[in-house]
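In what follows, chains carry the letters A, B, and so on, assigned in the order in which the sequence lines appear, proteins first and then strands, with residues in each chain numbered from 1. What you see is a predicted model; the values in this text were computed from it and never measured.
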There are 2 protein chains.
Amino acid sequence: MSAHSESGPALTMRDVAARLGVSPMTVSRALRGQRGIGEATRQRVLAEVAALGYRPNKRARELRSGGPNELIGLVVTNLANPFYSQLAVGLEQICVGYGARVMLGSTGEDPATEREVVADLVDRGVDGLVVAPAGHDHSHLGGTRLRDLPVVLAASPPMGIDVDCVLVDDFGGTREACRRLVARGHRRIGFLGLPPSLWTGSERFRGYAVALEEAGIALDERYISRHRGDSALAEEAAREMLALPDPPTALLTANNRNTVGALRALRDRTQDQEPVALAGFDDIELADMLHLPLTVVSYDPVELGRAAATLLFERQASTAPQPPRRVTIATTLVDHPAPR
Amino acid sequence: MSAHSESGPALTMRDVAARLGVSPMTVSRALRGQRGIGEATRQRVLAEVAALGYRPNKRARELRSGGPNELIGLVVTNLANPFYSQLAVGLEQICVGYGARVMLGSTGEDPATEREVVADLVDRGVDGLVVAPAGHDHSHLGGTRLRDLPVVLAASPPMGIDVDCVLVDDFGGTREACRRLVARGHRRIGFLGLPPSLWTGSERFRGYAVALEEAGIALDERYISRHRGDSALAEEAAREMLALPDPPTALLTANNRNTVGALRALRDRTQDQEPVALAGFDDIELADMLHLPLTVVSYDPVELGRAAATLLFERQASTAPQPPRRVTIATTLVDHPAPR
DNA sequence: CTGTTAGCGCTTTCAA
DNA sequence: TTGAAAGCGCTAACAG
């Protein structure tokens with residue numbers, strides 16, 4: 001029977017001190033490896049602590065010392081979205097290196113919920129926040145109400161507020177994908193996108209528009225659909241485009257939901273119909289196992305999470321005010337050929 | 001300019017009380033909606049609190065009151081795995097209903113890391129833990145060391161410890177999938193599985209074995225491969241099986257990694273080769289868009305997370321000791337036809 | 001109904 | 001090198 005097996009109310013530093021006939025301060029000093037304590041005493045204390053299985057109360061420690069709580073808040077719309085869960089993984093990777101943990105908050109894309117969640121995380125003592133914002137106005141994240149905590153926005157640049165942010169190269173990635181389609185001879189390229197109110201929506205559309213302009217191809221409203229990222233709507237829009245008298249020979253999709261919709265729309269086309277090329281933002285698991293070839297704009301959300309954490313800890317370390325920084329993650333174009 | 005715009009050191013209850021000329025207790029009572037305070041006073045206090053943007057310090061409150069911290073720890077191997085991120089979503093859904101938040105810990109499948117993470121979460125004052133364990137011995141989660149906190153194991157039953165757990169019907173789901181293959185006339189069914197040391201590995205294999213036994217089919221070692229869930233290894237194993245003199249006419253895979261491996265192995269088969277049927281545990285996004293038909297054992301990890309949270313809060317509510325409970329989530333068999 | 005006292009578990013500050 | 005006192009922000013317990 002080891003000494004830990006005793007249960008009951010958690011041990012306090014006083015208990016440990018009492019058993020050793022020393023003051024709590026001695027235990028405290030030994031535990032924190034603070035100098036100004038005899039080596040022999042320290043050993044005796046540490047041995048007793050180990051034997052008792054005593055663990056100091058972090059909350060009390062932080063309350064008194066006023067130091068950082070080594071806690072980062074992560075606010076996302078929906079963790080089931082692989083983009084956000086991978087972001088969380090990257091964030092946590094860096095956090096553990098700083099001895100920090102991640103506290104989670106989901107907003108379900110509702111700005112009001114986001115506000116509450118952020119406030120709650122702040123009340124719980126996070127040292128900083130990574131927020132993938134639900135709305136397009138971010139002034140509620142203003143430093144003042146947040147006890148001047150550092151905030152990093154993810155996947156969207158700050159609007160109405162000056163904070164750091166980490167972004168994906170939405171514009172560059174989409175332009176490159178569109179260029180590839182153009183290089184393969186496509187002139188009628190349909191765009192299935194996100195609403196312009198979303199940063200990603202407007203940036204990815206801009207990539208499409210610029211690539212077409214570079215190729216001397218005029219934008220054609222009939223080939224452009226911009227709605228929320230719902231695969232069913234995207235599928236419908238794709239079907240409509242493909243039913244035009246002069247249908248697009250290629251589709252460019254602004255995110256994986258749109259890509260899925262497009263894939264479904266292309267699913268039932270017969271061999272004798274003109275094949276339609278497809279390129280899209282966001283990689284897709286098993287893309288190489290689909291029944292048709294697919295080109296995707298790929299990037300690493302884990303890296304995005306790491307970048308966000310790094311900005312946060314750097315900001316935390318420096319007391320001097322620094323201008324807001326912006327980190328943009330590169331994308332790569334990946335061709336997934338179809339199985340024969 | 002609203003009153004919040006003042007920054008500086010966070011306000012305390014004392015500050016609010018001082019401005020109103022009342023005692024901190026009055027503010028405390030008003031804030032918690034405690035009765036035994038005049039309605040007029042309460043309004044006055046709440047108005048001032050709102051005007052000042054004062055937010056009580058939750059950590060101090062919890063330290064003093066000794067009550068629950070409304071915090072649940074979630075320990076998983078890798079949040080990038082959709083199974084775990086969906087589990088997290090379900091857990092959080094229930095938590096918000098109880099005013100609780102989720103603190104995250106990743107183990108990377110390392111039992112030693114798991115131990116540390118769990119200890120850290122406990123030190124940080126979680127009221128309970130949901131753990132998807134990395135190893136197969138769980139005695140380090142024993143109540144004693146955890147300050148008698150409630151623990152719920154996810155996806156694995158407790159070994160060497162008595163706690164609640166939530167499981168997927170690994171056995172039943174696999175048996176059903178295998179039965180379906182048998183019903184379609186298959187007699188030589190290859191199994192691509194997980195090592196028997198994993199609970200899911202042994203249960204899913206058992207489902208396979210029982211279904212075969214029911215059909216009067218003897219197990220054949222040549223058709224059985226049990227390794228870690230790595231799709232490359234699974235692909236290799238599948239290729240070997242298919243190269244046998246009398247190859248299996250169907251493959252049954254024990255998880256999505258194995259399914260992906262099998263799909264890749266089947267990818268390059270030509271039209272004139274015998275088609276090989278495929279069934280597997282875990283649903284796959286876009287399964288209906290693959291180049292071959294696939295039957296999957298589907299279930300809802302979000303539901304698993306909800307169940308875990310529910311067990312946790314129920315256990316927390318009842319002081320009387322209750323025997324460990326086990327919740328098993330049902331699976332359904334889903335047929336994904338291939339596109340033509 | 002409101003205020004005072006004490007103390008949650010720990011650490012800062014100061015004294016020995 | 002060690003200890004005693006005081007208090008982080010808040011609330012239980014007991015006054016008034």
Tell me: [atom1] of [X] to [atom2] of [N], nearest whole Å?
X	N	atom1	atom2	answer
B:Glu39	C:dC1	CD	C1'	13 Å
A:Glu62	C:dT11	CD	C1'	12 Å
A:Gln34	D:dT2	CD	P	12 Å
B:Leu20	C:dT2	CG	C1'	14 Å
B:Met25	C:dT4	CE	P	12 Å
A:Gln43	D:dT2	CD	P	12 Å
B:Asn69	D:dC10	CG	P	16 Å

Heavy atoms, side chains only, cut-off 4.5 Å: are B:Pro150 and B:Phe313 in contact?
->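 No. Closest side-chain heavy atoms not under 4.5 Å.
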Check this for me: does any side-chain nitrogen of one of [X] and [Y] sit under 4.0 Å from a carboxylate oxygen of the other?
X	Y	answer
A:Asp120	A:Arg124	yes
B:Asp123	A:Arg55	yes
B:Glu62	B:Arg59	no

NA contact type, B:Gly38, heavy-atom cut-off 4.0 Å: base, sugar-phosphate, or nothing?
->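 Sugar-phosphate: the residue B:Gly38, judged by heavy atoms under 4.0 Å, touches backbone atoms but no base.
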Could you list all N or O pairs between the protein and nucleotides 14-16 of chain C that sit under 3.5 Å apart?
none

For B:Thr41 and C:dC1, is the shortest distance between a side-chain N/O and OP1 or OP2 below 4.0 Å?
->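 It does not, given that no N or O in the side chain of B:Thr41 lies less than 4.0 Å from OP1 or OP2 of C:dC1.
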Taking only N and O in the side chain of B:Thr26, is any of them less than 4.0 Å away from OP1 or OP2 of C:dC1?
->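 Checking C:dC1 against B:Thr26, no side-chain N or O comes under 4.0 Å of OP1 or OP2.
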Expected rows: protein N/O vs nucleotides 8-10 of chain C N/O, under 3.5 Å:
| from | atom 1 | to | atom 2 | distance (Å) |
| --- | --- | --- | --- | --- |
| C:dC8 | O2 | B:Arg64 | N | 3.2 |
| C:dG9 | N2 | A:Ala60 | O | 3.4 |
| C:dC10 | OP1 | A:Tyr54 | OH | 2.4 |
| C:dC10 | OP1 | A:Asn57 | N | 2.8 |
| C:dC10 | OP2 | A:Met13 | N | 2.5 |
| C:dC10 | OP2 | A:Tyr54 | OH | 3.4 |

Looking at NE2 of B:His140 and CZ of B:Arg115, how far apart are the two atoms once the value is rounded to the nearest 0.5 Å?
->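 If I round to the nearest 0.5 Å, the distance is 5.5 Å.
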Say you draw a straight line from CZ of B:Arg61 to CG of B:Asn69; how long is it, rounded to the nearest 0.5 Å?
->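 Rounded to the nearest 0.5 Å, the CZ-CG separation comes to 12.0 Å.
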Axis deviation across the helix from C:dC1-D:dG16 to C:dA16-D:dT1, five-pair ends, to the nearest 10° |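 Angle reported: 40°, given to the nearest ten degrees.
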